[in-house]
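Atoms considered below: every heavy atom in the structure, side chains included; atoms not considered: hydrogens, waters and symmetry mates.
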Amino acid sequence: MNLKQDKGNPVIALFHGLGSKSSCFNSLKENLEQAFPDALVIALTSVEDYNTALFSIKEQANSTFKELLEKIPDVCNRPTLLIGHSQGGLRAYKMYDAYNDLLNVKGIITLATPWEGAPVANADQELLLQRLQSDCVRIDMQRFSMDYDYKGEESAHFMHTTLQARINDYQKVSKCSGIIDLKPKSKFLYEVAEKLPKLLIPILAIGGAQSDFGVFLSKKSNYDFNNLRNAWTNIIVGESNNSANKAHDMVVPLYSQRADNIAGKNKNFEQFVVPNAIHNEILPLPPEKKFHNILEHPLAFEKIKEFAQKVLYQPSSQKTNTPQSIAEVA
């Protein structure tokens with residue numbers, strides 16, 4: 001085992017989430033460039049939109065590795081930080097897992113990443129829709145639609161139509177490799193759970209916890225939408241009597257974002273929770289205040305900056321294998 005030599009300015013590579021694009025990192029990228037002017041901040045583009053569902057996470061990791069080599073030929077010598085949002089965090093982890101002998105990765109940050117999977121990926125369309133059909137939930141959705149002040153046709157049913165469309169979109173890709181990998185207890189996540197407790201590389205898992213539908217409204221409502229909130233929570237986290245498992249960011253359970261059940265006592269795995277951050281723009285409603293999006297949240301960025309400073313600019317005793325020839329895998 002030998003220490004890799006740091007040559008060249010640092011690289012911060014950004015991995016977007018399922019169904020998303022590199023542009024989701026526009027604000028974070030700008031903030032990172034200001035905080036670390038000597039670093040090359042790159043939002044990877046080789047796997048975007050439908051490809052994040054079509055291809056397995058392993059295949060996606062291979063594509064992003066080749067993209068890094070093409071865009072930064074000397075990346076193997078540069079101190080590198082990987083930052084992934086949602087599925088992108090698993091893509092970043094898998095790229096490190098597959099190519100750590102070649103890359104000089106100093107740390108990994110995940111934002112709202114389903115380390116233990118997304119239970120919603122296991123549910124079928126009929127079950128999801130049934131949970132939204134009760135009278136009390138439908139009343140909540142109508143109240144939300146009115147408070148949202150939607151002006152289109154069928155305005156009273158705006159929320160129900162929006163949620164149903166979201167579920168229909170999910171159903172279309174539910175059997176694709178990139179979605180299957182996100183299902184709890186999938187083969188991919190089983191391998192993650194086996195390796196995560198033993199990893200020596202520093203990892204920061206940032207999770208969001210916000211399940212209040214009021215964050216989508218332009219003005220405070222006198223209604224709590226509690227029936228809708230409970231129904232959506234059961235969709236996102238699954239049926240559970242454990243109140244500790246109920247927290248989520250509208251898409252992924254908090255326990256999964258933090259890898260509570262698989263990180264073990266790994267001292268290199270750090271957890272941090274942003275209590276009022278949602279997964280991103282969902283349903284596809286953006287939060288009224290941008291900072292409710294975990295990718296825009298100032299508290300999340302401060303933690304990212306602190307971690308980046310520590311792993312990229314302070315001496316480390318982390319040991320890794322001597323790089324092989326890039327030609328062997330490129």
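Contact annotation: the side chain of Leu69 never approaches that of Tyr99 to less than 4.5 Å [non-hydrogen atoms, C-beta and beyond]. At least one side-chain heavy atom of Asp260 sits less than 4.5 Å from a side-chain heavy atom of Gln271. Looking at heavy atoms from C-beta onward, Ile83 lies in side-chain contact with Leu32 at the 4.5 angstrom threshold. Side-chain atoms of Leu196 and Ile203, non-hydrogen and from C-beta on, do get closer than 4.5 Å to each other. Using a 4.5 Å cut-off on side-chain heavy atoms (C-beta onward), Met95 and Gln60 make no contact. Side-chain contact check for Val274 versus Asn276: some heavy-atom pair is nearer than 4.5 Å. Residues Phe55 and Val47 fail the side-chain proximity criterion, which asks for heavy atoms closer than 4.5 Å. With a 4.5 Å cut-off on side-chain heavy atoms, Ser221 and Phe144 do not count as touching.
Within the 3.5 Å criterion, the main-chain N or O of Gly19 finds a donor-acceptor partner in the side chain of Thr52. Judged by distance alone, with hydrogens and angles left aside, the side-chain atoms of Ser186 form a donor-acceptor pair with the main-chain N or O of Asp181 at under 3.5 Å. Formation of a donor-acceptor pair under 3.5 Å by the Gln210 side chain with backbone atoms of His292 is not found in this model. Proximity of a side-chain donor or acceptor of Gln87 to a complementary backbone N or O of Leu182 within less than 3.5 Å is not detected. Under the 3.5 Å distance criterion, the side-chain polar atoms of Asp38 are left unmatched by any main-chain donor or acceptor of Asn9. A donor-acceptor pair is defined here as one N or O able to donate and one able to accept, closer than 3.5 Å; such a pair exists between the side chain of Asn266 and the backbone of Leu199. At distances below 3.5 Å, not a single donor-acceptor pair connects side-chain atoms of Glu296 with backbone N or O atoms of Ser27. Side chain of Asp212 to backbone of Val215: no donor-acceptor contact under 3.5 angstrom is found. A donor-acceptor pair under 3.5 Å is absent between the side-chain atoms of Asp249 and the main chain of Gly208, judged by distance alone.
Val137 approaches Asn227 most closely through the heavy-atom pair CG2-O, 3.7 Å. His16 and Lys21 make their closest contact through CB-O, 3.5 Å (heavy atoms, listed as atom of the first residue, atom of the second, distance). Annotation for Gly117 and Pro253: closest pair O-CD, 4.4 Å, computed over non-hydrogen atoms. The minimum heavy-atom distance between Pro79 and Gly8, with the atom names listed, is CD-O, 3.7 Å. The two residues Asn293 and Asn280 come nearest to each other via the heavy atoms OD1-CA, 3.5 Å. Taking each heavy atom of Gly88 and Phe15 in turn, the nearest pair found is O-CB, 3.3 Å.
Atom OG of Ser174 is separated from atom NZ of Lys183 by 6.0 Å, given to the nearest 0.5 angstrom. To the nearest 0.5 Å, atoms CZ (Phe301) and CG (Leu111) are separated by 11.5 Å. Taken to the nearest 0.5 Å, the CG atom of Asn268 stands 9.0 Å off from the CD1 atom of Ile201. Distance check, rounded to the nearest 0.5 Å: NZ of Lys29 to OG of Ser23 gives 12.0 Å. Here Arg91 contributes atom CZ and Phe65 contributes atom CZ; the two are 16.0 Å apart, rounded to the nearest 0.5 Å. Taking CD of Gln133 as the start and CE of Met141 as the end, the distance is 6.5 Å to the nearest 0.5 Å.
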### Query
Stepwise, does the ring pair (Phe, Tyr, Trp, His ring centres under 6.0 Å) test hold for Phe225 with Phe213?
CA-CA 7 Å; Phe225 308 108; Phe213 279 85; 7.4 Å; no
### Intermediate values then yes/no, ring pair (Phe, Tyr, Trp, His ring centres under 6.0 Å), Phe307 and Phe272
CA-CA 11 Å; Phe307 185 86; Phe272 184 76; over 10 Å; no
### Message
Using salt bridge (Lys or Arg N to Asp or Glu O under 4.0 Å), reason through Lys66 and Glu70 one step at a time and then give a plain yes or no.
### Response
CA-CA 6 Å; Lys66 291 178 180 178; Glu70 291 171 0; over 6 Å; no
### Query
Passes side chain to side chain contact (heavy atoms under 4.5 Å, CB included), Val192 versus Trp115? Steps please.
CA-CA 8 Å; Val192 171; Trp115 285 102; 3.7 Å; yes
### Task
Might you work through the salt bridge (Lys or Arg N to Asp or Glu O under 4.0 Å) test for Glu191 and Lys58, ending with a clear yes or no?
CA-CA 12 Å; Glu191 293 173 354; Lys58 179 180 178 180; over 6 Å; no
### Task
List the steps, then state whether side chain to side chain contact (heavy atoms under 4.5 Å, CB included) holds for Glu302 with Lys305.
CA-CA 5 Å; Glu302 286 304 312; Lys305 186 169 66 172; 3.5 Å; yes
### Task
List the steps and the verdict of salt bridge (Lys or Arg N to Asp or Glu O under 4.0 Å) for Arg138 and Asp135.
CA-CA 5 Å; Arg138 292 177 71 89; Asp135 290 341; 5.6 Å; no
### Message
Assess the residue pair Leu295 and Phe25 against the criterion (side chain to side chain contact (heavy atoms under 4.5 Å, CB included)); give the C-alpha distance rounded to whole Å, side-chain angles, the decisive distance to 0.1 Å, and a yes or no.
### Response
CA-CA 7 Å; Leu295 293 177; Phe25 286 122; 3.8 Å; yes
### Task
Begin with the C-alpha distance, continue with both residues' side-chain angles, and end with the deciding distance and a verdict on side chain to side chain contact (heavy atoms under 4.5 Å, CB included) for Thr110 and Tyr93.
CA-CA 9 Å; Thr110 62; Tyr93 155 79; 6.0 Å; no
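Between Arg78 and Asp74 there is a salt bridge, with a side-chain nitrogen of the basic residue lying less than 4.0 Å from a carboxylate oxygen of the acidic one. With salt bridges taken as basic N to acidic carboxylate O contacts below 4.0 Å, none links Arg143 and Asp140.
Put simply, Leu44 and Val105 are part of the same group of oily side chains (I, L, V, M, F, W, Y) that touch within less than 4.5 Å, one to the next. No chain of hydrophobic side-chain contacts below 4.5 Å, direct or via other Ile, Leu, Val, Met, Phe, Trp or Tyr residues, connects Ile57 to Ile180. A continuous path of ILVMFWY side-chain contacts below 4.5 Å connects Ile72 to Leu102, so both sit in one hydrophobic cluster. In the hydrophobic clustering of ILVMFWY residues, with side-chain heavy atoms under 4.5 Å counting as a link, Ile139 and Ile235 come out together. Hydrophobic clustering of Ile, Leu, Val, Met, Phe, Trp and Tyr side chains at less than 4.5 Å, counting indirect connections, unites Leu90 with Tyr50.
Among His248, His297, His85, the one residue that satisfies the ring pair (Phe, Tyr, Trp, His ring centres under 6.0 Å) test with His279 is His85. Of the options Leu28, Leu312, Ile109, Thr80, a side-chain contact (heavy atoms from CB on, under 4.5 Å) to Ile12 is made by Leu312 and by none of the others.
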